[in-house]
Amino acid sequence: MTIAQVIVDVPALGTDRVFDYGVPKKWEGIIRPGMRVAVPFGPRSIQGFVVDLKEDTDVEKLKDIKQPLDLAPVLNEELLNLGHWMAYETLSFKISVFHAMLPVAMKAKYEKIIRRTDNSAILLDDLFEGKQKISWKEAEKRNLLPALHKQIENGNAEVIYFVKDRARKKLKKAVRVNAGIEELEELLQTLPANAVNQIKLIQFLLNVSPDTIETSILVKEAEVPTAAINALIKKGVFSELLMEEYRDPYKHRDFERTEPLELTNDQREAMNPILQSINDDRHETFLLYGVTGSGKTEVYLQAIQEVIVQGKEAIVLVPEIALTPQMVERFKGRFGSDVAVLHSRLSIGEQYDEWRKVQRKEVKVVVGARSAVFAPFENLGIIIIDEEHESSYKQEETPRYHARDVAIKRGENHHCPVILGSATPSLESFARAQKGVYHLLCLSKRMNDRELPPVSVVDMREEMRTGNRSMFSTELFEKIKDRLDKGEQTVLFLNRRGHSTFIMCRDCGYVMQCPHCDISMTYHRSTNEMKCHYCGFQTTVPVECPECSSSHIRYFGMGTQKVEEELVKLIPEARVIRMDVDTTTRKGAHERILDHFQSGKADILLGTQMIAKGLDFPNITLVGVLSADTMLHLPDFRAAEKTFQLLTQVSGRAGRHELSGEVVVQTYTPEHYSIQLAALQDYQRFYNQEMTMRKIGSYPPYYYLALVTVTHDDLLQAVTVTEKISAFLQQNISKEAILLGPVASPIPKINDRYRYQCLIKYKREPNLLSSLRKVLEHYNKQTARDGFSVTIDINPYNMM
DNA sequence: AGCACGCCGACT
DNA sequence: GTCGGCGTGCTC
């Protein structure tokens, strides 16, 4: 008897292991590891993943698999092993990891129905309204459950559990030609002369002789009505079938084909070691450090070209917000239909279809956001992570994995190179490159030898002193007007959307806080409400101060909305277009805004994060950063690094082509090294300076981190448990490790739950993972009962 | 995570 | 005496 080992779809500690199931005779040889199956689990029926097959089992009350949910495995052997590894490293449940590796469409939905079994019981006619079955949801709504329960107990009705697969393929009609040439010619003779369309159709078949053809295409090309096709189906010339149709998000776009460009010396030098590694089938991690506009993408493209020539496949990861049509175009332009695109702005169906293209080996290249690192290729030749320093490569929910770590693991599995590309590498990666763990490749010159644009830092405190209280310094304002006169374009960057960040009473200093979270409420002008960005709590804008009843309530902090209003007031003739989460939620909005700006229909592009990347328009000659220090003062040891990276990125948007550009950076802390060195575009010095800071603070890359967060609705309880955990961990780590805590989380309360944490800094701690696992196991019992939640984040990016 | 089982108090 | 409240533990 074949036994399948199954990971069931129950994310809990007690079920995070394999369960054995019998494979029914009729599925033997069909059910294989990596397939999803429907299995009975207790009284219900749920989804599971077969991870292995074996011949016998010790389990006595063995149940059988109900049915497979896939025709072919959705996880290959490599991905299954990768899943086990990830679950171990990130302290996650295996089932959570498997779900993270697959498109959301493959996550099952469950449904229950109640069916009557005894048709003679007249009482049931009322309950079921004469029908045979009723859905659980409806029974619940109509409050029939108590009565139905009784009937279930009496054996007059039963509950049936369904596993519903959401992975629906879109199908289209097609026909297969069964008749050979002779048969067709024979038929042509016997058809009556008035069967014009059938004759036309057969002649078409004789000319083109297709094997299988989509019905709608046949109608168009043979110029016959469907009736003619139906007639031939009846005569047995065709048999009908359904073909899978891909929901192609780029269906209506033509991509202009591009040819490889001549490489610069720099690029060729960077290219050689990569090619070497590809040719030797050898895993190596490269850090491609290239200033903005130095042509990293062309290096990626040509490396991929080589990989494809060798019959292998490529994964390219790009940060979600940089995954613009412009970016996709570069890859589709070079590799055409060999490219699949995966990111969260696609619909669930589109994501599924793009993934299917990979599974069916119909593409060679995947360009996608974080989760594309799991693309089910079997013969990977290269993995590229562009903008490797981006924090969006770290997933902030379980499984809390970093795409960089996963990419390197897969690179090892496939003996292929991994390329990390950035103009501002993360300190972690650059440090590894310095140590020789990664192979450092440099592109130090911009393409077509354009100088990096000069950056001028404006001290906004000085502006204040001279009486300028607007959000634009005199220098920036003058320069914007100058560009307007010249018909050149300006990009204004502000890392904050919305209108004002908070409101404060000018008389007593009262700042409105969320009653459920320790965070100030944000003013939203469009709805004229105060909103909490953490729990979604909303309330009206106070007309007078709740503390001192003063009416001097003022709006502080600026968001993109407010800047837009100001701009329109100050320079009415300027055509401003705003780009942030609020204006890009609708599908395709992203693309429309950029097209609009590119075609010169706007003078000023005002936006957040998302305009910092990839934007490459020839007419941009001025970049303004309205407030460089918005993220500098966050309680985050990476604040300086993030500021430096962002400023460098934004600056890189100016003067990339014939026209030279310049950058104006407004700040209240012009003396800070991250702003100074970003203005000088001096990564190396920033790296040295910041490394010193990290060494002093015992932070990465000198130390690894593990963050344990405990939440509870009672403050004291949260503190007590965090103390116990800290004490336990203190005893189980070496002297070299540093344990901080318990301390309140940077946001001490979210959603009425208090948050306490303890942070472990360590260099080498082989037993840490198992100690942390013990913490989870021990407190999990309390977790459910007493309302605790304990989460562990290995190498966190977000300390909140 | 569900769901059943089982042990306690409040009621027809 | 029974209904139903939720704490406990299991699911191949």
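Labels below follow one simple rule: chain letters A, B, ... track the order of the sequence lines, proteins then strands, and each chain is numbered from 1.
- In this structure, A:Gln67 has no side chain to side chain donor-acceptor pair (under 3.5 Å) partners at least two apart in sequence or on a different chain.
- Legend: salt bridge (charged side-chain N to carboxylate O under 4.0 Å, His left out) pairs involving residues 52-64 of chain A, not counting sequence neighbours, sorted by first then second residue: A:Asp20-A:Lys54.
- Residues satisfying the side-chain contact (heavy atoms from CB on, under 4.5 Å) criterion with A:Val10, sequence neighbours excluded, are A:Val8, A:Ala12, A:Thr15, A:Phe41, A:Arg44, A:Ile46.
- Every residue meeting the ring pair (Phe, Tyr, Trp, His ring centres under 6.0 Å) condition with A:His402, not counting sequence neighbours, appears here in chain and number order: A:Tyr797.
- Residue A:Tyr110 is classed as having no contact, given no heavy-atom separation below 4.0 Å to the nucleic acid.
- DNA chain C lies under 4.0 Å from at least one heavy atom of each of the following residues of residues 53-61 of chain A: A:Val59, A:Lys61.
- The side-chain contact (heavy atoms from CB on, under 4.5 Å) test applied to A:Pro43 returns A:Tyr161, not counting sequence neighbours.
- Per the geometry, CG belonging to A:Asp16 stands 16 Å off P belonging to C:dT11, to the nearest Å.
- A:Arg17 meets the side-chain contact (heavy atoms from CB on, under 4.5 Å) test with A:Phe19; sequence neighbours excluded.
- Here C:dC12 presents its P atom at 11 Å from CG of A:Asp20, a figure rounded to the nearest Å.
- The salt bridge (charged side-chain N to carboxylate O under 4.0 Å, His left out) analysis of residues 703-722 of chain A, with sequence neighbours excluded, yields the pairs A:Asp713-A:Arg753.
- Applying the ring pair (Phe, Tyr, Trp, His ring centres under 6.0 Å) test to every pair with at least one member in residues 711-732 of chain A, sequence neighbours left out, gives these pairs: A:His712-A:Phe788.
- Protein chain A contacts DNA chain B from B:dA1 to B:dC3, reading 5' to 3' and using non-hydrogen atoms of the protein with a distance under 4.0 Å.
- Across the protein-nucleic acid pair, A:Leu13 atom CG and C:dC10 atom C1' stand 15 Å apart, rounded to whole Å.
- To the nearest angstrom, P of C:dT11 lies 16 Å from CD1 of A:Ile7.
- A search for side-chain contact (heavy atoms from CB on, under 4.5 Å) contacts involving A:Tyr704 returns A:Arg432, A:Tyr762, A:Asn795, not counting sequence neighbours.
- Counting non-hydrogen atoms of neighbouring residues, nucleotides and ligands closer than 6.0 angstrom, the CD atom of A:Glu77 reaches no more than 12 such neighbours.
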Toss me the dot-bracket line for DNA chain B: Watson-Crick and G-U wobble, both under 3.5 Å, 5' to 3', using | for pairs to another strand and [ ] for crossers.
|||||||||||.
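- A salt bridge is absent between A:Lys357 and A:Glu362; no separation between the charged side-chain nitrogens and carboxylate oxygens falls under 4.0 Å.
- Residue contacts for A:Phe41: at a heavy-atom cut-off of 4.0 Å it reaches a base atom on one of the strands shown.
- In this structure, the OH atom of A:Tyr21 is 10 Å from the P atom of C:dT11, given to the nearest Å.
- In this structure, the NZ atom of A:Lys63 is 11 Å from the C1' atom of C:dC10, given to the nearest Å.
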